[in-house]
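For reference, the structure is listed below as structure tokens.
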2 protein chains.
Amino acid sequence: MMMPDYLFQTVFTTRLPKKTNNYNLKNMMKLPGKTVERLSEYRRTLLECLNEKRNFIFSHDLAARLHITAVQVRRDLMLIGYSSVLRKGYDVRELIDTIGKIIDSEESMNVAVIGIGNLGRAVAGYFKGKRSKLNLVASFDNDPQKVNRVISGVKCYPYTDIERMIKELDIRIAILTVPPDFAREITEEAVRFGIKGILNFTTIPLNVPSGVYLEEYDMITSIEKVAYFVKENKI
Amino acid sequence: MMMPDYLFQTVFTTRLPKKTNNYNLKNMMKLPGKTVERLSEYRRTLLECLNEKRNFIFSHDLAARLHITAVQVRRDLMLIGYSSVLRKGYDVRELIDTIGKIIDSEESMNVAVIGIGNLGRAVAGYFKGKRSKLNLVASFDNDPQKVNRVISGVKCYPYTDIERMIKELDIRIAILTVPPDFAREITEEAVRFGIKGILNFTTIPLNVPSGVYLEEYDMITSIEKVAYFVKENKI
DNA sequence: TGATTATTGTTAAATTATTAACATTGGTTT
DNA sequence: AAACCAATGTTAATAATTTAACAATAATCA
């Protein structure tokens, strides 16, 4: 019971068969959130490696680029059951693939930005040139200047179309960048019409029914945290 | 040694004197990062309470608004040494004050946004109407359309002015919202010229010397995390 | 007033996350 | 080939964070 038992439905008897790149752990349970976050970061870093024509990378190298420890990298990769083939580090391409098999869904998933103000446009911008199984397929807003135009690469629909578009485009994830006063109301609708995951950038904490995954991020909190630690350093 | 001993320089012998609102813990060491984050959130929620003319709030009430547990609230407040006066919950105004004494610096601290694209403007927008000891006093960019104009409430300076302005305005915190390719270079400068805290929104992990506090946030990671948990729910 | 309830502050336990330790395994060097 | 080295995968230990448990105390009520 050293192996955290919530991770696997079946438990390994000895050790993993070597030499096979066993992302055959179909029966793996949910990974810790922190690990998922890091996997996403690993992949992005690995893609940079590909650009640099690096085809292999050591755990300590990958770790250094992300300012974490090599053990952490190795441990995370252990959790997803990836083993390096050679002793000359991880096969970059293969690892990108493996991570994809773990964190991406099989078919791609559609995403919408709700509220296409500055932050919404920034988010939309981040999607550009991003391969990945996530497609930004729509944005929503009520500003007549925006509605029915393509903004930052996505068509903007009025809020009144939200039900129709969620269903028509099979949108599963919403990124919420609306003014605070509007956050609760539009979330309630989005969820009602089938949204299964929300990334909330507003300052309003949201309530979602179980079965809907909610991730919240608050800039002000981050800034105040920085300020606090700057202050503490000084004293 | 039940009381995490990194928290206090001196250790309490029995329990805190009751009835005094003892934010007299001048000798308190750094709080856990997670607690600092929550304190910021508590304060924001408490400010909303004031708007609603609520002058007292129970721990479970505050907790519910933030979707955390009441124990967590009480524990955090214990760490900053705040006690409710009555048994009718926490005095909202007083608690706002106490939190301020802990997480704010005495004199206000100046902040700049580096890179005033969509995300930079979004961040700037968040500062509007925010009381607090943090003042957004400048932004930097090289776009001739932006330089020397006031954007989202702050004057934009060219990157060449960064040394001068950091010193002139005593800027201590930088919010980094530049294109990825430029992130490392400008960070190096900012740090050299006296920046002590950085909130990095670019996708490039940064290196900073010790003595500089770095907080990184990556939207793509958050989105991929949401996607992962949505997928897992479904399977 | 005495019993009951609601809420707190605090200690202790449980959980989660990170780091250290180390045996193992190819590769490299002499 | 023997000795050494570099890097991995894994278990064990440590640290951080959250949750539970509970005694203490004010408010309420019968």
Side-chain angles (χ1 to χ4, degrees), chain A residues 1-8 11-22 25 29-39 56-64 66-91 94-95 98, chain B residues 1-8 11-23 25 29-39 56-64 66-91 95 98:
Chain A
M1 67 341 172
M2 333 299 31
M3 180 118 316
D5 50 351
Y6 57 87
L7 270 176
F8 300 92
V11 177
F12 301 134
T13 48
T14 60
R15 68 173 52 188
L16 294 169
K18 349 174 171 160
K19 219 54 171 160
T20 62
N21 307 309
N22 36 7
L25 307 178
M29 301 284 279
K30 282 204 306 237
L31 296 162
K34 290 289 179 68
T35 295
V36 174
E37 289 177 15
R38 282 190 299 260
L39 288 173
F56 289 89
I57 190 169
F58 297 129
S59 60
H60 60 258
D61 204 346
L62 183 50
L66 290 162
H67 310 123
I68 60 178
T69 68
V71 198
Q72 186 132 69
V73 171
R74 299 206 300 271
R75 213 175 187 298
D76 285 333
L77 297 189
M78 186 194 97
L79 290 181
I80 65 170
Y82 180 76
S83 311
S84 62
V85 191
L86 318 182
R87 269 332 95 142
K88 271 299 165 196
Y90 302 106
D91 182 317
E94 203 173 74
L95 184 48
T98 305
Chain B
M1 68 340 173
M2 333 301 27
M3 179 119 315
D5 49 350
Y6 58 86
L7 270 176
F8 300 92
V11 176
F12 302 133
T13 49
T14 59
R15 68 171 53 186
L16 294 168
K18 348 172 173 164
K19 217 53 169 165
T20 62
N21 307 310
N22 36 7
Y23 28 78
L25 308 178
M29 300 285 279
K30 283 204 306 238
L31 297 162
K34 290 290 178 69
T35 296
V36 175
E37 290 177 14
R38 282 190 299 261
L39 287 174
F56 289 90
I57 189 168
F58 297 129
S59 60
H60 60 258
D61 205 344
L62 183 50
L66 289 162
H67 310 122
I68 59 178
T69 68
V71 199
Q72 185 133 68
V73 170
R74 299 206 299 272
R75 214 175 185 299
D76 285 333
L77 297 189
M78 186 193 97
L79 289 181
I80 66 171
Y82 181 77
S83 311
S84 63
V85 192
L86 317 182
R87 271 327 97 141
K88 270 301 163 196
Y90 301 105
D91 182 316
L95 185 47
T98 306

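Chain identifiers are assigned alphabetically (A, B, ...) following the order of the sequence lines, protein sequences preceding nucleic acid strands; residue numbering begins at 1 within each chain.
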Quickly work out the A:L79 CG to D:dT8 P distance and round it to whole Å. 16 Å
Would you mind reporting whether A:Y82 and A:D91 have side-chain heavy atoms less than 4.5 Å apart? yes
Under the rule for side-chain hydrogen bond (donor to acceptor under 3.5 Å, both in side chains), what residues qualify as partners of B:E37, not counting sequence neighbours? A:K225
Excluding sequence neighbours, so at least two apart, what forms side-chain contact (heavy atoms from CB on, under 4.5 Å) with B:R74? B:S59, B:A70, B:Y90
May I have the distance from B:I80 (atom CD1) to C:dT10 (atom P), rounded to whole angstrom? 12 Å
Spacing of B:E37 atom CD relative to D:dA16 atom P, expressed in whole Å: 16 Å
Suppose we screen for ring pair (Phe, Tyr, Trp, His ring centres under 6.0 Å). Which residues come up paired with B:H67, at least two apart in sequence or across chains? none
Please tell me which of the listed nucleotides, D:dT17, D:dA27, C:dG9, lies nearest to the side chain of B:K88? D:dA27
Taking the side chain of B:S84 as heavy atoms from C-beta outward, which of C:dA17, C:dT8, D:dG9 is closest to it? C:dT8
Check B:I68, B:L66, B:V73 against B:R38 for a side chain to side chain contact (heavy atoms under 4.5 Å, CB included) and give me the one that passes. B:I68
May I have the distance from B:L62 (atom CG) to C:dT7 (atom P), rounded to whole angstrom? 14 Å
Phosphate-side-chain proximity, B:S59 and C:dT8, N/O vs OP1/OP2 below 4.0 Å: yes
Please report the distance, rounded to the nearest Å, between CZ in A:F58 and P in D:dC5. 17 Å
Is the distance from OP1 or OP2 of C:dG9 to the nearest side-chain N or O of B:Y90 less than 4.0 Å? yes
Is there a side-chain contact between A:L95 and A:L77 in this structure, where contact means two heavy atoms from C-beta onward sitting under 4.5 Å apart? yes
Please report, rounded to the nearest Å, how far the C1' atom of C:dT8 is from the CG atom of B:D61. 15 Å
Find the distance B:R74:CZ to D:dT17:C1' and express it as a whole number of Å. 16 Å
Sort me out a list of protein N/O and nucleotides 18-20 of chain C N/O pairs below 3.5 Å, or just none if empty.
residue : atom : partner : partner atom : Å
C:dT18  : OP1  : A:R38   : NH1          : 3.4
C:dT18  : OP2  : A:R38   : NH1          : 3.0
C:dT18  : OP2  : A:R38   : NH2          : 3.1
C:dT18  : OP2  : A:Q72   : NE2          : 3.2
C:dT19  : O4   : A:R75   : NE           : 3.1

Once you round it to whole Å, what is the distance between C1' of C:dT24 and CE of A:M78? 15 Å
Using side-chain heavy atoms (C-beta onward) and a distance below 4.5 Å, is B:L39 in contact with B:L31? yes
